[in-house]
Participant: 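Structure incoming, see below.
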Amino acid sequence: MKCPFCGNIESKVIDSRPTEDNQRIRRRRECMNCQKRFTTFEIVETTPIMVKKKDGSIQAFNRDKVLSGMIKSCEKRQVSTQDLEKATDNIEYKLVNSLKSEVSSIEIGEMVMTELKKLDEVAYIRFASVYRQFSDVNTFFQELSELLKKQTEN
């Protein structure tokens, strides 16, 4: 592993343990040249999940895009970055465990809305308004009415 400080490729592993989600291994390393310590993460290499976009194009799944969209929806809301990371992890976990090699962007969008609805209803409405391309105020009002109806039932 290349040292981020001096560029030397020789290092030794000092400590190794699984991350909280048990999806990665965290390794503490020490450079054999400069003796500085750094952390690396090891993950299982999997077949990439391909996403079929609305226009028919296909591209590799990018969790950063999902997280970025969720962050935009939660702007100026009381939702922590940690909660958004967990929600993105949940989505990625579901996709990997679905055993599908290709998934539609529509399915991913629905997963994002489900996660946002759990975190913050305003963020959910923000995301849904862009994702579902609300064409007018009535469509927007319908979505709000459904949300309010579910709240009163609980």
Participant: With the side chain counted from C-beta on, respond yes when Arg77 and Arg126 share a heavy-atom pair under 4.5 Å apart, and no when they do not.
Facilitator: yes

Participant: Report, as yes or no, whether the 6.0 Å neighbourhood of atom CD1 on Ile9 holds more than 12 heavy atoms from other residues, nucleotides or ligands.
Facilitator: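 Counting other residues, nucleotides and ligands, CD1 of Ile9 stays at 12 neighbours or fewer.
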
Participant: Do the non-hydrogen side-chain atoms of Arg26 and Thr39 ever get within less than 4.5 Å of each other?
Facilitator: yes

Participant: Check this for me: does any side-chain nitrogen of one of Glu107 and Lys100 sit under 4.0 Å from a carboxylate oxygen of the other?
Facilitator: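 Looking at Glu107 and Lys100, the cut-off is met.
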
Participant: Between Tyr124 and Ile71, is there shared hydrophobic-cluster membership here, with clusters defined by ILVMFWY side-chain heavy atoms closer than 4.5 Å?
Facilitator: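 Same cluster: Tyr124 reaches Ile71 through Ile, Leu, Val, Met, Phe, Trp or Tyr contacts under 4.5 Å.
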
Participant: For residues Ser11 and Arg29, report the shortest heavy-atom separation together with the two atoms involved.
Facilitator: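 Smallest interatomic distance, heavy atoms only, reads OG-NH1, 3.6 Å.
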
Participant: So which atom in Met70 and which in Ala87 form the shortest heavy-atom distance, rounded to 0.1 Å?
Facilitator: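 Where Met70 meets Ala87 most closely, the heavy atoms are CE-CB, 3.4 Å.
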
Participant: Is it true that Leu95 and Met50 fall in one hydrophobic cluster, defined by side-chain heavy atoms closer than 4.5 Å?
Facilitator: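 In one cluster with Leu95: Met50, no.
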
Participant: How far apart are the closest heavy atoms of Phe61 and Val51, and which atoms are they?
Facilitator: CA-CG2, 3.7 Å

Participant: Can you list the steps and then say if Asp89 with Arg63 is a side chain to side chain contact (heavy atoms under 4.5 Å, CB included)?
Facilitator: CA-CA 8 Å; Asp89 288 343; Arg63 71 174 270 120; 2.9 Å; yes

Participant: Of all heavy-atom pairs between Gln23 and Tyr93, which one has the smallest distance, and what is that distance?
Facilitator: NE2-CE1, 3.9 Å

Participant: Counting neighbours of NZ on Lys86 that are heavy atoms of other residues, nucleotides or ligands and sit closer than 6.0 Å, is the number greater than 12?
Facilitator: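 Atom NZ in Lys86 is not packed in, count stays at 12 or less.
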
Participant: I want to check something: taking the side chain as every heavy atom from C-beta on, are Asn8 and Cys34 in contact at a cut-off of under 4.5 Å?
Facilitator: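 Not in contact.
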
Participant: Under the salt bridge (charged side-chain N to carboxylate O under 4.0 Å, His left out) test against Glu42, which residue among Arg17, Arg27, Arg24 passes?
Facilitator: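 Result: among Arg17, Arg27, Arg24, Arg27 is the only option passing the salt bridge (charged side-chain N to carboxylate O under 4.0 Å, His left out) with Glu42.
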
Participant: According to a hydrophobic-cluster definition based on side-chain heavy atoms being under 4.5 Å apart (Ile, Leu, Val, Met, Phe, Trp, Tyr only), do Ile106 and Met111 belong together?
Facilitator: yes

Participant: Kindly compute the distance separating CD1 (Ile49) from CD (Gln59), expressed to the nearest 0.5 Å.
Facilitator: 13.5 Å

Participant: Does Val122 share a hydrophobic cluster with Val112, counting links as ILVMFWY side-chain heavy atoms below 4.5 Å and allowing steps through other members?
Facilitator: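 Val122 does not cluster with Val112.
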
Participant: To the nearest 0.5 Å, what is the distance between NZ (Lys36) and SG (Cys6)?
Facilitator: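 Nearest 0.5 Å value for the NZ-SG distance: 8.5 Å.
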
Participant: Would you say Lys54 has more than 12 foreign heavy atoms packed within less than 6.0 Å of its NZ?
Facilitator: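 Count over threshold, so yes.
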
Participant: Does a sphere of radius 6.0 Å around CD in Glu102 hold more than 12 heavy atoms from other residues, nucleotides or ligands, not counting ones at 6.0 Å or beyond?
Facilitator: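 Yes - once you tally the heavy atoms of other residues, nucleotides and ligands closer than 6.0 Å, there are more than 12.
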
Participant: Should the pair Lys118-Glu115 be classified as a salt bridge under the 4.0 Å nitrogen-to-oxygen rule?
Facilitator: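 Yes, Lys118 and Glu115 are salt-bridged.
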
Participant: Which atoms form the tightest heavy-atom contact between Cys74 and Leu116, and what is the distance?
Facilitator: SG-CD2, 3.8 Å

Participant: Using a 6.0 Å cut-off, check whether atom CD of Gln35 has over 12 heavy atoms from anything other than its own residue.
Facilitator: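 Buried by this count: over 12 neighbours within 6.0 Å.
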
Participant: Just by distance, do the side chain of Arg37 and the backbone of Ile14 share a donor-acceptor pair under 3.5 Å?
Facilitator: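 No, Arg37 side chain to Ile14 backbone: no donor-acceptor pair under 3.5 Å.
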
Participant: State, to 0.1 Å, how close Leu67 and Glu85 come at their nearest heavy-atom pair, and which atoms those are.
Facilitator: CD2-OE2, 3.4 Å

